[in-house]
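These notes concern the structure reproduced below.
We're numbering straight along the sequence, starting at 1. Ligands are counted one by one from 1 in listed order, and the atoms in each one are counted from 1 as well. For the numbers below, each heavy atom of this structure counts, side chains included, while hydrogens, waters and symmetry mates do not.
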Amino acid sequence: MIPVITIDGPSGSGKGTIAAKLAAHLGWHLLDSGALYRLVALSVLQKNLNASADENLLQQLAETMDVQFTGVEDPAAAQPIRVLLAGKDVTDEIRTEAVGNLASQLAAKKGVRQGLLARQKAFQQAPGLVADGRDMGTVVFPDASLKFYLTASVEERARRRCYQLVAQGQLKAQDINVSLAPLCQELRDRDARDMNRAIAPLRPADDARVIDTTQMNIEAVLAEVIQVAFSIRS
Ligand code: DC
């Protein structure tokens with residue numbers, strides 16, 4: 001059986017960064033399942049559709065969209081992962097707030113989740129997989145060897161998002177204070193939508209190790225995750 005480590009949690013909990021670093025550390029594959037939901041959202045926008053489109057059509061889109069992940073699964077590598085949709089590089093386009101919000105609405109649709117299921121399972125390739133998302137430990141890989149659930153306070157997650165936006169040149173450092181309150185509200189809304197949906201809601205699997213990263217930096221979280229990963233292997 002090819003081993004899988006799942007890392008679930010809300011936006012801004014650090015799970016994406018930790019999953020990528022852990023995959024690089026172990027030399028394993030990486031599944032960024034959120035990117036797949038974002039790719040469905042972008043496909044929907046490109047077809048001038050929206051979240052209320054026919055569910056069979058949305059499922060078909062999720063199943064058949066032409067997606068490729070290229071590059072190296074190491075955020076520090078010279079060629080980090082690029083995401084291609086129908087051959088076009090959409091790595092940055094899928095990270096916009098508009099795509100993220102539509103992805104969150106589409107993620108509540110059974111057809112979309114069903115349409116992405118086989119695609120996600122196909123990432124389980126030797127020597128192993130680190131899978132990052134909301135339902136990796138509960139639905140997609142319930143038999144995973146090790147499950148983590150990362151979380152952090154809404155305020156801390158909003159602060160991290162602000163610094164990310166500043167680093168990307170999308171926000172001026174002096175505007176951080178005014179941006180925090182609306183970002184907190186957006187995160188609360190997205191959490192509520194992800195946690196309260198009927199299908200595959202965001203929650204820790206019963207056998208997940210929960211890590212609250214509010215007071216921790218990335219290095220400390222990574223060290224804890226690696227230590228647990230090696231302690232269960234030996
Ligand atoms: O992790 P992210 O922000 O890139 O995810 C985008 C949206 O996709 C998020 O609002 C919730 C949804 N999602 C999901 O429902 N299940 C997953 N396994 C991953 C993401």
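Only the side chain of Asp194 comes within 4.0 Å of ligand 1, counting heavy atoms alone; its backbone N, CA, C and O stay farther away. Using a 4.0 Å cut-off between heavy atoms, Lys109 makes no contact with ligand 1 at all. Under 4.0 angstrom from ligand 1, the non-hydrogen atoms of Arg197 all belong to its side chain.
Counting only heavy atoms of the protein, atom 19 (C) of ligand 1 lies nearest to Ser33 OG, 3.4 Å. The protein atom (non-hydrogen) at minimum distance from atom 10 (O) of ligand 1 is Ser104 CB, 3.2 Å. Taking atom 1 (O) of ligand 1 as the reference point, the nearest protein heavy-atom neighbour is Arg134 NH1, 2.9 Å. Given atom 7 (C) of ligand 1, the protein heavy atom at minimum distance is Ala103 CB, 4.0 Å. Of all protein heavy atoms, the one lying nearest to atom 8 (O) of ligand 1 is Tyr37 CB, 3.4 Å.
Here's the thing with Asp135: one of its N/O atoms is less than 3.5 angstrom from an N/O atom of ligand 1. The shortest N/O to N/O separation between Arg38 and ligand 1 falls below 3.5 Å.
Side-chain contact between Gln168 and Arg95: absent, with no pair of heavy atoms (C-beta onward) separated by less than 4.5 Å.
None of Thr6, Asp132, Thr151, Asp32 except one satisfies the side chain to side chain donor-acceptor pair (under 3.5 Å) rule with Lys15; the exception is Asp132. Checked options Val67, Ile94, Val40, Thr91; the residue passing with Leu85 is Val67 (criterion: side-chain contact (heavy atoms from CB on, under 4.5 Å)).
A salt bridge links Arg188 and Glu155; the closest N-O separation between the charged side-chain nitrogens and carboxylate oxygens is under 4.0 Å. Salt-bridge formation is detected for the pair Glu156/Arg160: a Lys NZ or Arg NE/NH1/NH2 atom is positioned less than 4.0 Å from an Asp or Glu carboxylate oxygen.
Each of the following atoms of ligand 1 lies closer than 4.0 Å to a heavy atom of Arg113: 14 (C), 15 (O), 16 (N), 17 (C). Applying the 4.0 Å criterion to heavy atoms of Met136 picks out, from ligand 1, the atoms 18 (N). For ligand 1, the atoms lying closer than 4.0 Å to a non-hydrogen atom of Lys15 are 1 (O). Heavy-atom proximity to Arg95, at under 4.0 Å, picks out these atoms of ligand 1: 4 (O). Counting the atoms of ligand 1 from 1 in the order shown, those under 4.0 Å from a heavy atom of Ala107 are 12 (C), 15 (O).
Judged by distance alone, the side chain of Lys147 and the main-chain N or O of Thr138 form no donor-acceptor pair under 3.5 Å. Looking only at distances, no side-chain donor or acceptor of Lys110 sits under 3.5 Å from a matching main-chain atom of Ile199. One N or O on the side chain of Arg157 and one on the backbone of Ala152 form a donor-acceptor pair closer than 3.5 Å. Arg203 places no side-chain N or O within donor-acceptor distance of the main-chain N or O of Met195, the cut-off being under 3.5 Å.
In this structure, Arg193 does not count as a contact residue of ligand 1, since none of its heavy atoms falls inside 4.0 Å of the ligand.
At a threshold of 4.5 Å between side-chain heavy atoms, the hydrophobic network of Ile, Leu, Val, Met, Phe, Trp and Tyr places Leu49 and Leu102 in one connected group.
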